[in-house]
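In what follows, a single structure is set out as structure tokens and then discussed.
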Amino acid sequence: MSQSNTPRTSFVRTEMVGAEPAPASEVGVVGWMRHHLFSSIPNTILTIFAIYLVWVIVPPLLDFALFSAVWSGENREACTTLVQGGVQLDGWAGACWPYIGDYISQFIYGRYPFDQIWRVNLVFFLFVVGLVPILIPSVPYKRENAIYLFGAFPVLAFILLSGGNIDLNGFLLPDSVMAPGFAKFIVDFLILTAVFCLIGYGVARGTDSPPMPMMRGIAMGFAILLVVILLFGADFGLETVETEQWGGLLVTLVIAVTGITASLPIGIVLALGRRSQMPAVRLFSVIFIEFWRGVPLITVLFMSSVMLPLFLPEGVTFDKLLRALIGVALFSAAYMAEVVRGGIQALPKGQYEGAMALGLSYWQMMQFIILPQALKLVIPGIVNSFIALFKDTTLVLIIGLFDFLGMIQSSYSDSTWASPVQSLTGYLFAALVYWLFCFSMSRYSLFMEKRLDTSRR
Amino acid sequence: MAVADTPAEAGAPKAAIFNDPKVRGAVIQIVLIGLIVFLIWGMVSNAATNLARQGIASGFGFLNVTAGFGINISPFVDYAETSSYGRVYFVGLQNTLIISIAGIFLATVIGFVVGVARLSNNWVISKLAYVYVEVMRNVPLLLWIFIWYFSVLRLLPDKANPMNLGPLGLLNIAGYYAPKPIWGEGAIWIGAALIVAIVASLVLSSWAKRRQLATGEQFPVFWTAVGMIVVLPLIAYFASGMPLSFEMPTASRFGPRGGMRVYPEFLGLLVALSTYTASYIAEIVRAGILAISHGQTEASHALGLRSGPTLRLVVIPQAMRVIIPPMTNQYLNLTKNSSLAVAIAYPDLVSVFAGTTLNQTGQAVEVLLMTMLTYLALSLITSLFMNWFNAKMALVER
């Protein structure tokens with residue numbers, strides 16, 4: 001009995017045994033591979049299949065783009081085989097990079113006059129200066145930055161790119177009253193300003209509010225507009241460059257940036273219209289949005305290039321680029337409207353009720369409460385539509401504009417570099433450039449999404 | 001006292017009629033409608049004068065005029081150079097529908113495979129799927145079409161030396177030559193047997209479901225259905241004296257003869273469209289599966305379901321509710337994007353109708369209006385169908 005109470009043991013461990021290291025097959029590279037690559041027979045087969053797929057695709061691609069590629073040369077001889085009249089051995093296939101180097105300025109600037117290219121570079125520089133700080137959330141002065149990017153920059157860019165110096169001949173009075181010219185333009189503009197001020201006065205009186213602020217606002221707006229138009233008309237000594245000479249990445253960026261900048265305000269108005277209480281406004285917005293969203297962009301571009309001139313009064317002509325811009329802006333405005341609507345709908349009802357309880361009017365509520373929150377919510381959506389628009393700009397080559405892809409496509413007709421590898425080299429380069437642009441933008445959109453996602457964690 | 005008196009003395013506060021929300025709303029709407037009417041009237045009258053000046057008669061009379069140009073691809077609609085522009089429209093519509101349906105089918109298959117692969121435990125597979133998605137969707141579709149059509153398909157062997165795919169036919173730079181089925185006497189019985197098998201499978205599946213609900217006993221519906229759909233037409237095939245044969249294309253010095261030719265324009269466009277759209281579908285599928293909480297899988301395992309039935313009976317039905325609405329958008333996008341066919345001259349609606357017909361007749365307004373309304377109608381039909389499908393799949397809340 002007593003023996004069971006005091007067990008006689010020769011050794012009792014006083015401390016815990018340390019953990020054994022995991023088996024070699026469970027840790028390190030081997031363990032990781034066992035778990036992630038060869039955990040079961042089907043998984044092993046999949047892994048082998050995937051590695052085979054990579055083996056089939058990647059080495060030939062690398063070989064074409066890098067190892068077998070030609071890096072220097074003067075003309076097609078460098079990139080063709082002996083049979084084709086070049087210096088390469090038979091059976092050779094590789095990228096022809098000197099062709100890209102030869103054409104790079106055309107791919108970026110199109111047929112922009114060579115001695116004027118500094119203007120395009122300056123525009124690119126001004127754009128980056130405005131864009132980078134607005135994209136980084138921690139940089140201050142967002143308001144001033146936005147005014148620069150969306151107000152001053154487009155004016156500067158237009159003057160620099162086109163050369164400004166447009167003819168101001170007046171637009172309102174018939175020619176019989178006053179001869180077309182600068183004086184007539186000023187008179188016309190003053191008449192228009194006066195008309196709008198009167199309308200503002202009437203509206204202000206009708207709403208029982210003091211007429212002065214309203215009229216001052218209208219006068220201010222028209223004064224800024226006049227300054228901008230006068231700047232467009234002023235002669236800065238810049239050579240005029242027709243838009244037919246623009247091309248390459250320049251046109252791609254002009255269309256994408258103008259499209260997105262113009263579509264944002266239109267999209268906001270349409271989104272508000274779709275949520276409006278007024279049936280006519282709502283119906284109009286819905287029809288407008290669904291129409292543009294239901295048709296392919298290429299038909300919109302056909303429409304703007306073929307049908308738009310028919311709808312304009314005699315004597316009024318838009319150039320090709322402007323017509324395409326109008327089509328692109330209307331098209332992307334419809335998509336933008338849906339993006340913005342998503343943001344507006346995501347706001348809780350309490351925000352509206354709070355704003356109304358404060359006695360704010362509809363526009364005050366939208367301007368100070370709803371839109372600032374909604375637009376911030378949809379920044380990733382806006383970036384995503386910008387990516388879509390950026391990719392869609394390639395379609396303008398079908399209506400005969402020379403964007404980046406259009407320039408690459410048209411460079412194939414030059415016999416200096418004609419070779420069997422030319423088209424693949426050109427497309428590879430184009431794909432790389434588009435990919436870099438789109439991928440970095442989508443990363444930025446993901447980054448903003450994570451930053452704005454405060455609700456989850 | 002004064003406080004009590006004020007309202008009575010002042011009566012209703014003096015509100016300008018303009019401040020009444022109803023009146024203001026009505027005025028705004030009238031102004032908007034007036035503006036739109038004015039704009040449309042202006043556009044129409046401008047168009048009328050411009051057309052009159054250019055000597056173009058408006059109206060749809062041109063649809064009966066002989067087109068006079070050839071279209072190489074028209075599998076179902078009879079078309080010759082002497083056909084009318086109206087027929088050109090149907091040829092284009094037919095080709096748009098063919099490429100859209102084929103593209104949607106292929107994109108869905110690739111998209112589901114890639115989407116599931118991205119969630120795989122297998123590191124190589126998931127990274128491969130990730131790279132696929134990021135490469136595909138960050139390069140414009142038009143560039144993909146050019147790459148496939150002008151670069152990759154041009155690498156195929158020339159006409160005289162086609163690549164032999166064995167029983168699948170021949171492949172060369174001029175297209176893919178598939179074996180052509182020749183339907184002999186009595187081939188109708190094979191089709192009839194197929195229909196009977198499908199109907200029988202449907203009946204069987206509903207019977208099996210009812211029996212399972214009543215008794216809990218399961219029935220191997222899937223394998224029985226597969227068996228019926230394979231075996232019944234085979235029996236019909238042999239019973240009616242083997243009326244179906246295939247005409248194999250044969251290589252010759254001037255290109256393959258016989259068989260069914262699939263043009264390279266179609267192949268290039270189909271591959272580009274479906275691989276590009278598949279990258280978007282893959283992301284949708286991935287998001288849909290991720291949206292189902294892991295608890296569902298765990299609960300299903302706890303109930304004793306293995307991973308196959310868990311995926312099929314628990315995860316996928318719930319994920320479908322998240323997947324279908326954005327998937328509809330992708331199908332619509334693919335249909336609209338098929339209009340890029342014009343860049344490589346695949347004769348779709350935009351290419352032959354809004355392109356060639358418009359250029360030859362100059363009837364820009366009518367042609368573009370017809371084209372756009374067609375796409376609108378296609379969009380509407382697709383979204384109606386998908387809404388119906390979505391309603392069927394949606395969670396029935398009690």
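What you see below is based on every heavy atom in this structure, not just the backbone, and it leaves out hydrogens, waters and symmetry mates.
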Does the pair A:Arg282 and B:Gln29 meet the rule for a side chain to side chain contact (heavy atoms under 4.5 Å, CB included), with working shown?
CA-CA 10 Å; A:Arg282 195 168 57 232; B:Gln29 296 186 60; over 6 Å; no
Interchain contact, [X] with chain A, by part (heavy-atom threshold 4.5 Å):
X        : answer
B:Leu128 : side chain
B:Arg53  : side chain
B:Leu358 : side chain
B:Thr49  : neither
B:Leu143 : both
B:Ile33  : side chain

Would you please indicate if the ring centroids of A:Tyr434 and A:Phe404 are separated by under 6.0 Å?
yes
Does a donor on one side chain sit under 3.5 Å from an acceptor on the other, for [X] and [Y]?
X        : Y        : result
B:Ser338 : B:Tyr346 : no
A:Tyr427 : A:Gln409 : yes
A:Ser411 : A:Tyr99  : yes
B:Tyr331 : B:Lys336 : no
A:Thr393 : A:Thr252 : no

Report yes if some heavy atom in the side chain of A:Val251 is under 4.5 Å from a heavy atom in the side chain of A:Phe402; otherwise report no.
no
Which bit of [X] is near chain B, if near means a heavy-atom gap under 4.5 Å: side chain, backbone, both or neither?
X        : result
A:Pro309 : backbone
A:Phe284 : side chain
A:Gln277 : neither
A:Leu397 : side chain
A:Leu53  : side chain
A:Leu424 : both

Most contacts with chain B, counted as non-hydrogen pairs under 4.5 angstrom, among [options]:
options                                : result
A:Leu428, A:Ile387, A:Leu312, A:Ile398 : A:Leu312
A:Val281, A:Val421, A:Asp392, A:Ile51  : A:Val281
A:Thr394, A:Leu432, A:Val433           : A:Thr394
A:Glu290, A:Met33, A:Met303            : A:Met303

Taking B:Val342, B:Thr371, B:Ile36 one by one, which has the highest count of heavy-atom pairs under 4.5 Å against chain A?
B:Ile36
Could you tell me which of B:Asn122, B:Val139, B:Asn50 has the largest number of non-hydrogen atom pairs under 4.5 Å with chain A?
B:Asn122
B:Gly268 versus B:Trp148, closest heavy-atom pair with distance
O-CB, 4.0 Å
Salt bridge (Lys or Arg N to Asp or Glu O under 4.0 Å) contacts in which one or both residues fall within residues 342-368 of chain B, not counting sequence neighbours:
none
Could you tell me how the ring of A:Tyr335 sits relative to the ring of A:Phe331: parallel (under 30°), tilted (30 to 60°) or perpendicular (over 60°)?
tilted
